[in-house]
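Written below as structure tokens is the structure these notes are about.
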Amino acid sequence: MPELPEVETTLRGIRPFLLGETIADITIRQRSLRWPVTKGIETSIRGSAIKEISRRAKYLQFHLDNGSMLVHLGMSGSLRVLTQPGFWKKHDHIELKLNSGNMLRYHDPRRFGSWLWSQGGHWQLKKLGPEPLSEGFDGEYLYRLSKRRQVAVKAFIMNSSVVVGVGNIYASESLFLSGIRPDRPAGRISKKRYSMLANNIKITLKRAIDRGGTTLRDYSNGNGDPGYFKQELFVYARNGLPCMNCRSRLTEKRIGQRSSVFCMRCQV
DNA sequence: ACACTAACCTGCAAGC
DNA sequence: TGCTTGCAGGTTAGTG
């Protein structure tokens, strides 16, 4: 489900309820996620205070006094704050109970997400590329890294060791805005066009965050509200519909196991 | 180092 | 009304 804007929206939604709180209890009803929920996480975090919550790539990191929890939402995960006890719904796997009485509940039908505890660092965070909204990420950087690479540019920018947080939706949208065909080999794009692309990635992500993310099926922020960026999508999930720019029919092609929609006239 | 595939899992829509 | 097939917001492990 969530790409960077959805994870960021989730972070902003839940943070006010969690900062400074102590974890009174944790209930785990399903440990079998992308990786098994870390053994012993219950005893490790019970009674610990939440000092900070941050996002790195599509991960949320809960910093406690004695270590940190790394939470990923996978394809279908979501977090939601409950201000009063609620019924357990199907696929509600984990719940944190806070001293305030509020609860944080994790819901994930496909179970591609993860909940990992570590007292040191998390290996998942090694080898990640720059944050797309950081200064270090620009056209120069993309151009330099892309030299002699044959992979399709869409797969290139979705590669988390190149840049993090860009998933299928925002890769597709950014390439459309930049007029670049998603299947063009990464090494055959000019520095100038990479500058366009890097800028459009930033613009698209920021705008999506402002709209609360993209809700396709089941995404909701920490308060249960959907995101409204779907209304502003140019190409994603619009195969066969008219291009918003030239009105010709949009084309679909699979690139690196992911469906990719683009305009054959506007994207070269 | 790079490129590509299968795999993890459930729900839903389309086709027969 | 079923049953089967394919696809979905992500990421890693394995292969060549």
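We name chains A, B, ... by the order of the sequence lines, and we start the count at 1 in each one.
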**Q.** salt bridge (charged side-chain N to carboxylate O under 4.0 Å, His left out) between A:Asp92 and A:Arg29, intermediate numbers included
**A.** CA-CA 8 Å; A:Asp92 284 353; A:Arg29 313 174 91 212; over 6 Å; no
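Residue A:Lys58 places at least one side-chain N or O under 4.0 Å from the OP1 or OP2 atom of C:dT11. For A:Ser259, a side-chain nitrogen or oxygen approaches OP1 or OP2 of C:dA8 to under 4.0 Å. For the pair A:His72 and C:dT11, the criterion of a side-chain N or O lying under 4.0 Å from OP1 or OP2 is met.
Taking atom C1' in both B:dC12 and C:dT11, one finds a spacing of 23 Å when rounded to whole Å. Taking the C1' atoms as reference points, C:dG9 lies 23 Å from B:dA3, given to the whole Å. The gap from the P atom of C:dG6 to that of B:dA6 amounts to 13 Å, rounded to the nearest Å.
Spacing between atom CG of A:Asn159 and atom C1' of B:dA1 amounts to 12 Å, rounded to whole angstrom units. Separating the CD atom of A:Glu252 from the C1' atom of C:dG6 is a distance of 12 Å, rounded to the nearest angstrom. A:Arg238 has its CZ atom 19 Å from the C1' atom of C:dC7, to the nearest Å. One interatomic measurement links the two molecules: NZ of A:Lys154 to P of B:dA3, which rounds to 16 Å at whole-angstrom precision. Rounding to whole angstrom units, CZ of residue A:Phe112 and P of B:dC9 are separated by 8 Å. Put simply, CG on A:Leu145 is 13 Å from P on B:dA1, counting in whole angstrom units. The separation between A:Gln30 atom CD and B:dC9 atom C1' is 10 Å, rounded to whole Å. Summarising the geometry, the separation between CG on A:Leu216 and P on C:dA8 is reported as 11 Å, rounded to the nearest angstrom.
Nearest nucleotide to the A:Val151 side chain, out of C:dT12, C:dA8, B:dA3: B:dA3. Of the listed nucleotides (C:dG9, C:dT11, B:dT10), C:dG9 has the atom at the smallest distance from the side chain of A:Glu3.
Under the Watson-Crick or G-U wobble criterion, with both distances below 3.5 Å, C:dG9 has no partner in any strand shown.
Between A:Ser260 and the choices A:Lys253, A:Lys154, A:Glu252, the side-chain hydrogen bond (donor to acceptor under 3.5 Å, both in side chains) rule is met once, by A:Lys154.
In this structure, A:Tyr170 reaches neither bases nor backbone, as no heavy-atom distance under 4.0 Å exists between it and the strands shown. Contacts of A:Lys90 with the nucleic acid, taken as non-hydrogen atoms under 4.0 Å apart, involve only primed sugar atoms and P, OP1 or OP2. Residue A:Arg258 is classed as a base contact, given a heavy-atom separation below 4.0 Å to a base. Nucleic acid contact class of A:Gln257 (heavy atoms, under 4.0 Å, all strands): base.
We find that A:Arg144 and A:Glu140 are not joined by a salt bridge, their nearest charged nitrogen and carboxylate oxygen being 4.0 Å or further apart.
You'll find the ring centres of A:Trp117 and A:Trp35 outside the 6.0 Å limit.
Counted by atom type alone, A:Ser178 and A:Asn200 present one or more donor-acceptor pairs between their side chains at under 3.5 Å.
Between the CG atom in A:Leu197 and the OG1 atom in A:Thr204 there is a gap of 9.0 Å [rounded to 0.5 Å].
Mapping A:His91 and A:Gln150 onto DNA chain B by nearest heavy atom places A:Gln150 at the nucleotide closer to the 5' end. Each of A:Arg34 and A:Thr214 was assigned the nucleotide of DNA chain C with the nearest heavy atom; the assignment lying further toward the 5' end belongs to A:Thr214.
A:Arg110 contributes a side-chain N or O that forms a donor-acceptor pair with the base of C:dA8 under 3.5 Å.
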